[in-house]
Number of protein chains: 2
Amino acid sequence: MDKKELFNQFVAFTTAVHQVTHELTQNVKIENITPVQYKILEYIKVSQPVTPTEISDCQHMSLPNTSRELRKLQERKLIKKIIDTEDRRKHYVCLTEDGEKIMEEAFACIDERFQQLIQHASKKDLEDISYALNILDEKVFNPNS
Amino acid sequence: MDKKELFNQFVAFTTAVHQVTHELTQNVKIENITPVQYKILEYIKVSQPVTPTEISDCQHMSLPNTSRELRKLQERKLIKKIIDTEDRRKHYVCLTEDGEKIMEEAFACIDERFQQLIQHASKKDLEDISYALNILDEKVFNPNS
DNA sequence: TCCATTACTTATCATTTGATAACAAAATAA
DNA sequence: TTATTTTGTTATCAAATGATAAGTAATGGA
């Protein structure tokens with residue numbers, strides 16, 4: 001196995017992943033939500049509670065810009081902030097009920113398209129896919145966990 | 001294999017892929033190139049020659065905006081356009097020598113970080129990774145090819 | 001107590017990106 | 001030939017995003 005060749009395979013693969021994730025999410029349409037705001041909501045949904053600093057780090061945006069987007073999401077009642085009782089500088093960000101509802105709909109929509117994508121997969125195919133995902137997670141994308 | 005469970009695994013996986021590709025490309029710094037322009041160059045590099053319409057489709061941007069960015073890249077002598085002799089409406093876009101040089105440097109930089117990522121992988125690991133990439137390409141991300 | 005650091009906010013400005021209308025030129029179909 | 005479609009450009013405006021300075025409040029250490 002040539003490592004250079006593996007790199008080419010890797011590049012083609014990640015391109016395909018980006019393409020497919022774009023297709024899966026493209027018909028998720030939340031009223032008046034910008035792409036960046038959607039990514040933030042998605043992150044909160046999966047990892048809540050999170051602090052603005054964590055969002056800032058994970059989404060690769062400055063804390064001031066994160067703060068601005070969070071304020072907009074809060075104004076739209078999609079998220080709420082809870083101040084840590086231990087360290088009152090820290091804010092824990094969570095989805096509100098409205099936010100949860102919207103994100104569950106979004107995920108359901110993505111899931112629906114995902115199920116279409118794998119509709120022709122056999123039982124063994126599904127096992128192979130799951131196994132392959134695990135291998136790559138373990139050896140490339142999440143080597144520590 | 002529960003299809004719902006596979007979806008969760010899939011979501012976590014694609015998130016990790018996006019995260020890692022961001023890390024691999026983040027220290028590719030080309031002077032005065034915007035992210036969109038970089039994505040266009042990357043696409044041209046891999047798929048040249050391409051037409052503006054193809055770029056527009058693949059990068060999910062309107063043709064006018066594609067045209068604008070291509071003009072900027074052309075002004076910087078990173079790409080060139082060749083008019084199709086058969087159908088003179090069509091323009092084939094290619095990298096110039098300067099463009100090739102810059103993109104090869106960029107890819108070398110990404111490759112370097114990729115090699116770090118898999119530096120501890122054994123021969124068998126590499127084979128497993130390659131196999132897993134193939135499986136996923138075949139059954140999920142590139143079902144037609 | 002005083003000072004430095006951390007977590008976050010507000011405000012402002014520049015740049016990038018997206019959307020749309022109007023146009024030109026070439027190809028194709030009627 | 002004339003109309004229609006395709007391919008691409010230019011121009012303009014609005015919105016989203018990025019960068020940075022300045023400020024508040026809480027914490028923790030000297």
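Order of the sequence lines fixes the chain letters, A, B, ..., with proteins taken first and strands second; residue numbering starts at 1 for each chain.
The distance between atom NZ of A/K39 and atom C1' of D/dA16, rounded to the nearest whole Å, is 16 Å. With rounding to whole Å, B/D87 atom CG is found 17 Å from D/dT5 atom P. In this structure, A/I33 atom CD1 and D/dA15 atom P are separated by 16 Å, rounded to whole Å. Between the CD atom of A/E69 and the P atom of D/dT17 there is a distance of 6 Å, rounded to whole Å. Distance OH (B/Y92) to C1' (D/dT7): 12 Å, rounded to an integer number of Å.
For the residue pair B/Y38 and B/E42, a side-chain donor N or O sits within less than 3.5 Å of a side-chain acceptor on the partner. B/Q48 and B/E100 share a side-chain donor-acceptor pair at under 3.5 Å. Side-chain contact, B/Q59 with B/T66: no donor N or O sits under 3.5 Å from an acceptor N or O. Remark: the B/E23 side chain and the B/Q19 side chain contain an N/O donor-acceptor pair separated by less than 3.5 Å. With no hydrogens or angles considered, no side-chain donor-acceptor pair links B/E138 and B/N142 at under 3.5 Å. Counted by atom type alone, A/D111 and A/Q115 present one or more donor-acceptor pairs between their side chains at under 3.5 Å.
For the pair A/T15 (side chain) and A/V11 (backbone), a donor-acceptor distance under 3.5 Å is present.
Both A/D84 and A/V36 sit near DNA chain D, but only A/V36 has its closest nucleotide nearer the 5' end. Residue order along DNA chain D, read from the 5' end via each residue's closest nucleotide, puts B/K90 first among A/K72 and B/K90.
Residue contacts for B/R68: at a heavy-atom cut-off of 4.0 Å it reaches a base atom on one of the strands shown. Counting any heavy atom pair closer than 4.0 Å across all strands shown, A/E86 reaches sugar-phosphate atoms only and no base atom. Nucleic acid contact for A/K81: sugar-phosphate only, since backbone atoms but no base atoms lie under 4.0 Å from a heavy atom of the residue.
Screening B/V46, B/L78, B/D98, B/L41 against B/M103 for a side-chain contact (heavy atoms from CB on, under 4.5 Å) leaves a single residue, B/L41.
Note that the first and last nucleotides of DNA chain C, 5' to 3', having any atom under 4.0 angstrom from a heavy atom of chain B are C/dT16 to C/dA27.
A tilted orientation is assigned to the rings of A/F7 and B/F114, their planes being inclined by 30° to 60°.
Listed in residue order, the members of residues 46-65 of chain A having a heavy atom less than 4.0 Å from DNA chain D are A/S62, A/P64, A/N65.
The listed nucleotides are D/dT10, D/dT5, D/dT17; the one nearest the side chain of B/S67 is D/dT10.
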